[in-house]
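Everything below concerns the one structure shown next.
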Amino acid sequence: MALTIYNTLAREKQLFTPIDPKNVRMYVCGPTVYDYAHIGNARPVIVFDVLFRLLRHIYGEEHVTYVRNITDVEDKIIARAVERKVSIRDLTEGTAKIYQEDALALGCLAPTLEPRVTETMPEIVAMIERLVANNHAYVAEGHVLFHVPSDPDYGKLSRRSLDEMIAGARVEVAPYKKNPQDFILWKPSDENQPGWNSPWGWGRPGWHIECSAMGEKHLGEAFDIHGGGIDLQFPHHENEIAQSEGAHHGKPLANYWMHNGFLQVEGEKMSKSLGNFITIRELLAEKKFGGQQWHGKVLKLAMLSTHYRQPIDWTVDRLVQARSMLLDWSRVLHGAPQSDDLHNELLGALRDDLNTPGALAVLHGLWKGSHLSINDLRSLKRALNFLGVYEDEKQVDFAVGYEVLDVSKIENLIAERNAARKAKNFAEADRIRDELSTMKIAIEDGPSGTTWKVVS
RNA sequence: GGCCACGUGGCGGAGUGGUUACGCAGAGGUCUGCAAAACCUCGUACCCCGGUUCAAUUCCGGGCGUGGCCUCCA
C-alpha cells in the first residue's frame, strides 16, 4: 500500500517515493531556544513524530533519518541572555533541555539527530562562500546578502512573484541591499555579541542559512521530506530553498514539503497581549489551562484529533474529550497483551497524508470490538502504542493533577458502600456513591465485584 | 493594501459529484436495588449568492466571516 503526502510545492497529494528507501531522510525546523516552547510549537513536533513513526514502520527503523535542528544563535537569544543576565550557552542549553523533555512528555520519539547552529559554523561559512562564488550572494558593508534576483525560481514554494513582494513590502529597506527582497546570510557582531571568524570578519549567520547548512551536513544536498509550520513557508523555507539550491547548482533541496496548519486558543490567536499564551510546560505541570494539569499523551491525542493541515482550535473541551478516551482505553488496556501487527485500516488512514482523524475512527471501531474480541483489544493497544499515545499507563496516570486520588480512601468507601448494600441500606450506599462522584470516581457493580474508575 | 488557507449537525471532526464517516454530549430501550459499564435504536449537517451538471456540501465565479504570511511574534 502506498504512502501519499500533500506536497506544498505542488499543492496536491502525491505518491511518496524516497530517493533511497534504505535511507529515507526528513528535516523539520526545530526551536529557537530562548524560551519555553508553547503549544503552537508542539504541533509540528507531534505531527512529524507520527510521520517519523510511519516511515520507520514502512521502511524499517534503521532506514529513516530524522533531523530536527536546535537554533542556538539568534538575536532573540542574545537579547534574552542580556535581560536575564545569564550566559548565552546557559540559556540555550537550558532551554533546549526543557524542549527535549517536553517533546518526550508528549509521547514523541527523539529525532535521529538534533544538530545545533553553533556546531555547524564551518559548514555555514563554507556554504556562504559557495553562494558568493556562484554569484548568488554579495558582500556589502560587512554583511553578506543573498541576491534574490539571481534565483529565477525564487518564490516557487510560497507562489509569490517578486512583483507581489515589492508591492506588498512595508519594511524599510536597508541601504546596502541591492534588492529589497535580498536577505542576510552573514552579519557583523560587535564585541558583546556572539561571533565567529569568517572571510567577512567577525560575525554570525542570518536566519535561514543555518537550516540549509544543517540539512546539507546531515542529510546531503537533496533529501526527501522537509517539514515545519505553515508560518515558516515564507520567508524561511523559501529562502532555504534559494540558498541550498543556489549552493548546489539548482539541485532540488527536498522533494516533498509538508506544512502543518496554525493553532488558535479558544478561538483566538495565541498571543501574550491577549493573555492566552500557553506553554507546553504550563499544560503539563501547572493549572493554567482549564484550571488543571494535563498528561502529555492527552495533549498528543488532542492534537491528532484534527488533520495536520487544518487549522486547530486548542480548547479545554477538546482536552477533556481526549482525556476521556484515554481514561476509557487505559482502564481496559493496562496490563493487556498487544498484537504484533499494526491494524491495516489504521495504516491505511495514516498512509493517506497522515489522516489521523480517520485513524481515530479506526481506533474507536477497535475499542467497540474489544468488548467482544481479544484480537481487537490487542490491535487497539498496538495501534495506540504505535502512535505514541499509550504505553501501558494505568488509568490514574491520566488523572494528573486531580485533587483527590487517595486509593485506600476510595477502596474503604467502596467497602462501606458494599456493606450498606448488603444490609439493603440503599440510601447510605447511594450517599457514598455520590461522595465518590465528587472525587471524580465512578463505580461499577459487576458480577465479580465493584470496580472504580476515574472520570473527567 | 497584496498573496494564501479555512468555514460541515449542540460540540469536535473526516470525506465525497448521486449511497451511514467517526467520537463526545443528548433522547429512548435492555440490564441494574438504583446507577454505571456493555449492547440496541434515534439526529438526515455541509457560510451566503450565482454558474456548470440529469445531480453540488463536493467543481467554477463572486460575497461574507475567521485565520496566516508579507513585519519581531510559530
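By convention in this document, chain letters (A, B, ...) are assigned in the order of the sequence lines, proteins followed by strands, and residues within each chain are numbered from 1.
Pair check for B/G23 finds B/C11; Watson-Crick or G-U wobble, both atom distances under 3.5 Å.
Neither OP1 nor OP2 of B/G13 sits under 4.0 Å from any side-chain N or O of A/Ser305. Between A/Lys76 and B/C72 there is no side-chain N or O to OP1 or OP2 distance below 4.0 Å.
Closest to the A/Pro357 side chain, of the nucleotides B/A14, B/U66, B/C40, is B/A14. Closest to the A/Ala361 side chain, of the nucleotides B/A38, B/C6, B/C22, is B/C22. Nearest to the side-chain atoms of A/Met325 among the listed nucleotides B/A36, B/C6, B/G23 stands B/G23. Listed nucleotides: B/C73, B/C39, B/C34. Nearest to the side chain of A/Asp445: B/C34. Comparing B/C22, B/C69, B/A38 by their closest approach to the side chain of A/Lys269 singles out B/C69. Which of B/C72, B/C39, B/C22 sits closest to the side chain of A/His371 comes down to B/C39. Considering only the side chain of A/Phe234, B/C70 comes nearest among B/C6, B/C70, B/G23. Considering only side-chain atoms of A/Gln310, the nucleotide from B/C6, B/G13, B/A36 that sits closest is B/C6.
The one candidate from A/Tyr27, A/Phe48, A/Tyr256, A/Tyr66 that meets the ring pair (Phe, Tyr, Trp, His ring centres under 6.0 Å) condition with A/His226 is A/Tyr27.
Of the possible donor and acceptor atoms, none in the side chain of A/Arg382 sits under 3.5 Å from a partner among the backbone N and O of A/His343. Under the 3.5 Å distance criterion, the side-chain polar atoms of A/Gln193 are left unmatched by any main-chain donor or acceptor of A/Ile78.
At a threshold of 4.0 angstrom between heavy atoms, the contacts of A/Pro31 with the nucleic acid are absent. In this structure, A/Leu263 reaches the bases: a heavy-atom distance under 4.0 Å links it to at least one base atom across the strands shown. Residue A/Asp313 is classed as having no contact, given no heavy-atom separation below 4.0 Å to the nucleic acid. Among the atoms of the strands shown, base atoms are found under 4.0 Å from some heavy atom of A/Asp430. Contact annotation for A/Phe277: no contact, since no heavy-atom pair falls under 4.0 Å across all strands. Here A/His307 lies in heavy-atom contact (under 4.0 Å) with sugar-phosphate atoms only. Heavy atoms of A/Gln264 sit under 4.0 angstrom from primed sugar atoms or phosphate atoms, though from no base atom.
Partners of A/Gln243 according to the side-chain hydrogen bond (donor to acceptor under 3.5 Å, both in side chains) rule, which considers only residues two or more places apart in sequence or in another chain, are A/Ser212. A search for side chain to side chain contact (heavy atoms under 4.5 Å, CB included) contacts involving A/Ser437 returns nothing, not counting sequence neighbours.
Shown for residues 377-387 of chain A: no residue has heavy atoms falling under 4.0 angstrom of RNA chain B. Less than 4.0 Å separates RNA chain B from no heavy atom of any residue of residues 97-114 of chain A. Annotation: proximity of residues 416-428 of chain A to RNA chain B (heavy atom, distance under 4.0 Å) is found for A/Arg417, A/Arg421, A/Phe426, numbered in ascending order.
With a 6.0 Å radius and a threshold of 12 heavy atoms from other residues, nucleotides or ligands, A/Glu345 has its CD atom at or below the threshold. In this structure, A/Tyr36 places its OH atom where only 12 or fewer heavy-atom neighbours from other residues, nucleotides or ligands lie under 6.0 Å away.
Using bins of under 30°, 30° to 60° and over 60° for the plane-to-plane angle, the ring pair A/His259/A/Trp257 lands in the parallel bin.
Using a cut-off of 4.0 Å between Lys/Arg side-chain N and Asp/Glu carboxylate O, A/Asp75 and A/Arg204 are scored as salt-bridged. Electrostatic pairing of A/Asp445 and A/Arg417 counts as a salt bridge here, judged by a charged N lying under 4.0 Å from a carboxylate O.
Between the P atoms of B/A56 and B/C64, the separation comes to 25 Å (whole Å). The gap from the P atom of B/A21 to that of B/U57 amounts to 14 Å, rounded to the nearest Å. Comparing the C1' positions of B/G51 and B/G43 gives a spacing of 32 Å, expressed to the nearest Å.
Spacing between atom CD1 of A/Ile230 and atom P of B/G67 amounts to 17 Å, rounded to whole angstrom units. A/Leu366 places its CG atom 14 Å from the C1' atom of B/G23, with the value rounded to the nearest Å.
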Run the side-chain donor-acceptor check on residues 325-336 of chain A: report pairs under 3.5 Å with partners two or more places apart or on a different chain.
{"from": "A/Ser330", "atom 1": "OG", "to": "A/Leu326", "atom 2": "O", "distance (Å)": "2.6"}
{"from": "A/Ser330", "atom 1": "OG", "to": "A/Leu327", "atom 2": "O", "distance (Å)": "3.3"}
{"from": "A/His334", "atom 1": "ND1", "to": "A/Asp392", "atom 2": "O", "distance (Å)": "2.9"}

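For A/Arg433 and B/C34, a side-chain-to-base donor-acceptor distance below 3.5 Å is present, hydrogens and geometry of angles not being considered.
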